[in-house]
Amino acid sequence: MGIYLNPGNEEFQKALNSKIYVDKTMLISEMNQNLNTEHQNICVSRPRRFGKSMTANMLVAYYSKGCDSKSMFADYKIAQDESFEANLNKYNVLHVNMLDFLSRAQTVDGMIDYLQKRLLWDIRREYGDVDCFDREDLIDVLENIYSQKKQKFIIIIDEWDCIFRKYPGDDEAQKKYLDFLRLWMKDKPYIALAYMTGILPIKKYGEHSALNMFDEYSMTNQRELAEFTGFTEEEVQSLCVSYGMPYDRMKQWYDGYDLKGIQIYNPRSVVMSLLGHDFDSYWTKTETYEALKKYIQMDMYHLKALITQLISGSHIRINPDKFQNDMSTFASVDDVFTLLVHLGYLTYDFENKTVSIPNQEVQKEFINCIEDGGWEPVMDAIRNSETLLQATIDGKEEYVAEMIEQVHQENISILKYNDENSMSCVLSLAYYATRKDYVMYRELAGGKGFADIVFVPRKFRDVPAIVVELKWDKSSDAAIAQIKKKQYMQSLKDYHGQVILAGINYDSTDSTKDDYKRHSCSIEKINL
């Protein structure tokens with residue numbers, strides 16, 4: 001057993017010893033299916049604190065010849081899999097955390113040199129009898145071990161992308177690093193499986209990647225590995241029962257990562273919430289505030305308007321395929337938002353090709369980032385939204401119209417009205433305070449059509465439901481009439497209680513009358 005060659009299973013044992021461990025061992029079954037195939041090179045990227053290192057340690061504990069892990073896995077799902085014993089502790093494993101090596105060198109060349117020397121030290125201790133042409137060349141040594149001993153290696157690399165985060169603008173250093181990885185792992189007979197994990201997908205250069213032999217699993221498409229990216233709904237529901245925590249609030253705070261239809265929760269935050277028996281921003285405290293602020297404050301691509309729409313609850317369509325998988329090349333807003341997806345600040349809807357803010361924890365971080373620096377009108381709308389919500393519940397029609405008018409006027413340079421969708425965005429921002437007690441839906445099917453905005457009370461909240469219909473150059477009374485005629489209240493399904501019907505109209509025509517208001521509001525209350 002060495003430090004880097006065939007390490008032991010102690011690191012994964014720490015995870016199993018923890019108060020909370022969610023069984024993700026069936027990922028091993030997925031990896032076993034890829035051993036010695038055309039799909040043996042795998043790169044999995046996901047945000048910080050989403051279990052990347054724990055997963056790497058699990059694979060080390062399972063495959064490494066340097067330990068006996070049968071009893072360790074005996075009580076977990078993988079022990080029942082038909083491939084379990086066939087590959088258990090049967091391989092030479094090289095486990096490398098690139099961040100450790102980068103921190104010991106001043107340059108990428110120095111890091112690569114030190115990495116090879118350190119791995120060769122472990123390898124020589126195990127295979128000192130293997131004859132090599134160049135005993136100082138890592139690739140030559142591995143090739144000869146396989147040729148003479150017929151023993152293959154599994155290479156597991158954690159923090160594979162740290163180069164691109166430390167040297168974001170150094171193309172030459174990045175290329176040297178990628179060339180080294182390509183020479184080490186591409187088309188090499190001594191490799192049975194190569195598994196890399198990091199935050200960023202593999203860096204692209206032009207039309208091709210230097211590591212195009214890898215199958216990639218990222219936050220824009222985790223494919224068959226989606227359920228292993230974080231905690232699933234079923235897993236979180238079970239944990240909430242065990243710890244006596246309300247599932248609906250856990251979902252509100254930490255859910256929202258949509259991976260091709262599988263809802264994934266932030267594992268770090270869920271664990272900390274359960275252990276502390278509260279709800280707070282746990283994951284974002286492990287991230288740098290400046291990282292998010294840097295990207296959303298960029299003065300290009302109409303980012304201010306788009307970020308405001310995201311904060312209001314909008315889903316924005318993007319094309320993630322052009323992203324160069326680094327932290328410095330931005331040719332469009334698509335690139336900025338795709339990076340935020342990989343960092344965990346946005347979630348990507350694969351089917352609809354849209355991004356949105358995933359949950360309340362991340363939403364709070366966005367608000368923290370815009371509290372100053374030219375976002376005062378947006379923050380004013382957010383701060384006043386609680387007053388607006390209460391005025392709506394109280395039926396204060398003129399006051400509601402005035403407040404919505406104020407939000408519109410103060411944010412006209414950011415969110416200009418040109419259709420009902422833009423108006424809906426402003427309304428969502430104005431009613432920001434509803435997020436605490438409500439789930440907001442836009443274009444929610446009900447009755448004989450789609451209600452523009454519906455605020456459905458969260459479980460165990462003693463508040464009325466709200467149905468909002470928007471009109472353009474018509475009247476607020478006509479909006480109320482449409483809610484009733486098309487029976488939008490049916491969108492509330494199993495809800496029973498008071499419902500606020502709010503009709504809001506925007507008059508886009510000019511007027512010189514002193515009492516002219518762009519917005520008008522009608523409010524009625526009914527019971528279901």
Side-chain angles (χ1 to χ4, degrees), residues 30 34 38-39 41-48 50 52 160-165 167-169 171 174-175 177-179 181-182 185-186 194-230 256-264 291-292 294-296 298 300-303 305-307 309-310 314-358 362:
E30 295 287 342
N34 293 316
E38 291 293 325
H39 303 282
N41 300 305
I42 296 163
C43 182
V44 179
S45 58
R46 59 178 92 156
R48 285 193 181 278
F50 268 65
K52 296 186 298 297
W160 88 271
D161 60 332
C162 60
I163 295 289
F164 305 96
R165 290 182 272 126
Y167 302 111
D171 288 347
Q174 293 172 12
K175 288 180 180 179
Y177 175 61
L178 289 177
D179 285 342
L181 293 180
R182 177 176 54 80
M185 290 183 282
K186 186 169 183 177
Y195 179 94
M196 298 199 310
T197 184
I199 295 174
L200 296 174
I202 291 173
K203 167 70 178 174
K204 299 175 183 176
Y205 282 109
E207 296 181 0
H208 305 287
S209 168
L211 302 180
N212 57 8
M213 70 285 199
F214 275 84
D215 290 350
E216 293 206 61
Y217 300 82
S218 75
M219 292 302 285
T220 58
N221 190 356
Q222 283 286 343
R223 298 161 51 193
E224 65 270 22
L225 301 187
E227 66 179 287
F228 306 110
T229 305
Y257 295 95
D258 185 344
L259 302 180
K260 295 185 77 171
I262 296 178
Q263 290 297 309
I264 291 297
L292 175 61
K294 172 184 176 181
Y295 296 112
I296 71 174
M298 292 173 66
M300 58 179 69
Y301 313 128
H302 305 290
L303 266 174
L306 295 171
I307 294 296
Q309 290 178 42
L310 287 170
S314 295
H315 292 67
I316 295 176
R317 191 173 181 86
I318 70 164
N319 176 8
D321 296 334
K322 298 183 296 180
F323 182 55
Q324 293 300 301
N325 298 341
D326 60 30
M327 304 183 79
S328 59
T329 306
F330 302 109
S332 69
V333 71
D334 292 345
D335 295 335
V336 178
F337 283 170
T338 303
L339 174 60
L340 292 181
V341 170
H342 294 305
L343 294 178
Y345 289 109
L346 295 176
T347 182
Y348 179 67
D349 184 330
F350 183 84
E351 297 301 327
N352 295 309
K353 312 301 180 189
T354 59
V355 293
S356 59
I357 297 175
V362 180

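Along the sequence shown, residues carry numbers from 1.
Under a 3.5 Å cut-off, the side chain of Lys353 and the backbone N or O of Tyr348 do not form any donor-acceptor pair. Here the side chain of Gln222 pairs a donor or acceptor atom with the backbone of Ser45 at under 3.5 angstrom. Thr347 places a side-chain N or O within 3.5 Å of a backbone atom of Asp258 that can act as its donor or acceptor partner.
Taking 4.5 Å as the limit, some side-chain heavy atom of Glu224 sits within range of a side-chain heavy atom of Tyr217. Between Met298 and Val336, some side-chain heavy-atom pair lies under the 4.5 Å cut-off. Between Ile202 and Met196, the closest side-chain pair of non-hydrogen atoms falls below 4.5 Å. Side-chain contact between Asn221 and Lys260 is present, with at least one heavy-atom pair separated by less than 4.5 Å. Residues Met327 and Leu339 have side chains in contact (heavy-atom distance under 4.5 Å, counting atoms from C-beta outward). Looking only at side-chain heavy atoms (C-beta outward), Leu178 and Leu211 come within less than 4.5 Å of each other. Using a 4.5 Å cut-off on side-chain heavy atoms (C-beta onward), Met219 and Leu343 make no contact.
Here the CD1-OG distance, from Ile316 to Ser356, works out to 9.5 Å after rounding to the nearest 0.5 Å. Atoms CZ and CG, on Phe323 and Asp321 in that order, are 12.0 Å from each other to the nearest 0.5 Å. Note that the CD1 atom of Ile262 and the CZ atom of Phe350 stand 13.0 Å from one another [nearest 0.5 Å]. Taking OG1 from Thr354 and CG from Leu310, the interatomic distance works out to 10.0 Å, rounded to the nearest 0.5 Å. Here the OG1-CG distance, from Thr338 to Leu200, works out to 11.5 Å after rounding to the nearest 0.5 Å. One distance of note links CG of Asn325 with OG of Ser218; it measures 7.5 Å at 0.5 Å rounding.
Residues passing the ring-ring contact (aromatic ring centres under 6.0 Å, His included) test with Phe337: none are found, sequence neighbours excluded. Every ring-ring contact (aromatic ring centres under 6.0 Å, His included) that Phe164 has, sequence neighbours left out, goes to Trp160. Listed by chain and residue number, Gln309, Ser312, Cys425, Arg442 satisfy the side chain to side chain contact (heavy atoms under 4.5 Å, CB included) test with Ser314 (two or more places apart in sequence, or in another chain). Listed by chain and residue number, Gln174 satisfy the side chain to side chain contact (heavy atoms under 4.5 Å, CB included) test with Asp171 (two or more places apart in sequence, or in another chain). Arg223 meets the salt bridge (Lys or Arg N to Asp or Glu O under 4.0 Å) test with no other residue; sequence neighbours excluded. Every residue two or more places apart in sequence or in another chain that forms a side chain to side chain contact (heavy atoms under 4.5 Å, CB included) with Asp334 is listed here: Ile318, Asn319, Lys322, Ser332. Listed by chain and residue number, nothing satisfies the salt bridge (Lys or Arg N to Asp or Glu O under 4.0 Å) test with Asp349 (two or more places apart in sequence, or in another chain). By the ring-ring contact (aromatic ring centres under 6.0 Å, His included) test, Tyr257 pairs with Phe50, sequence neighbours left out. Not counting sequence neighbours, the partners of Tyr295 by the ring-ring contact (aromatic ring centres under 6.0 Å, His included) test are Phe330. Remark: Asp161 pairs with Arg165 by the side chain to side chain donor-acceptor pair (under 3.5 Å) rule, at least two apart or across chains. Here Asp179 pairs with Arg182 under the salt bridge (Lys or Arg N to Asp or Glu O under 4.0 Å) rule; sequence neighbours left out. Residues forming a side chain to side chain contact (heavy atoms under 4.5 Å, CB included) with Glu38 (at least two apart in sequence, or on another chain): none.
No hydrogens or angles considered: nothing links the side chains of Lys186 and Asn41 as a donor-acceptor pair under 3.5 Å. For the residue pair Asn34/His39, the side-chain donor-acceptor check at 3.5 Å is not satisfied.
When every heavy atom of Val44 is checked against every heavy atom of Ile42, the shortest pair comes out as CG2-CG2, 3.7 Å. Residue Leu346 comes nearest to Pro358 through the heavy atom pair CA-CD, 4.0 Å, listed as atom of the first residue, atom of the second, then distance.
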Exercise. Determine, stepwise, if the pair Thr329 / Asp326 fulfils side-chain hydrogen bond (donor to acceptor under 3.5 Å, both in side chains).
Key: CA-CA 6 Å; Thr329 306; Asp326 60 30; 2.7 Å; yes
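At least one cation-pi condition fails for Lys175 and Tyr177: the charged atom is not both under 6.0 angstrom from the six-membered ring centre and inside a 45 degree cone around its axis.
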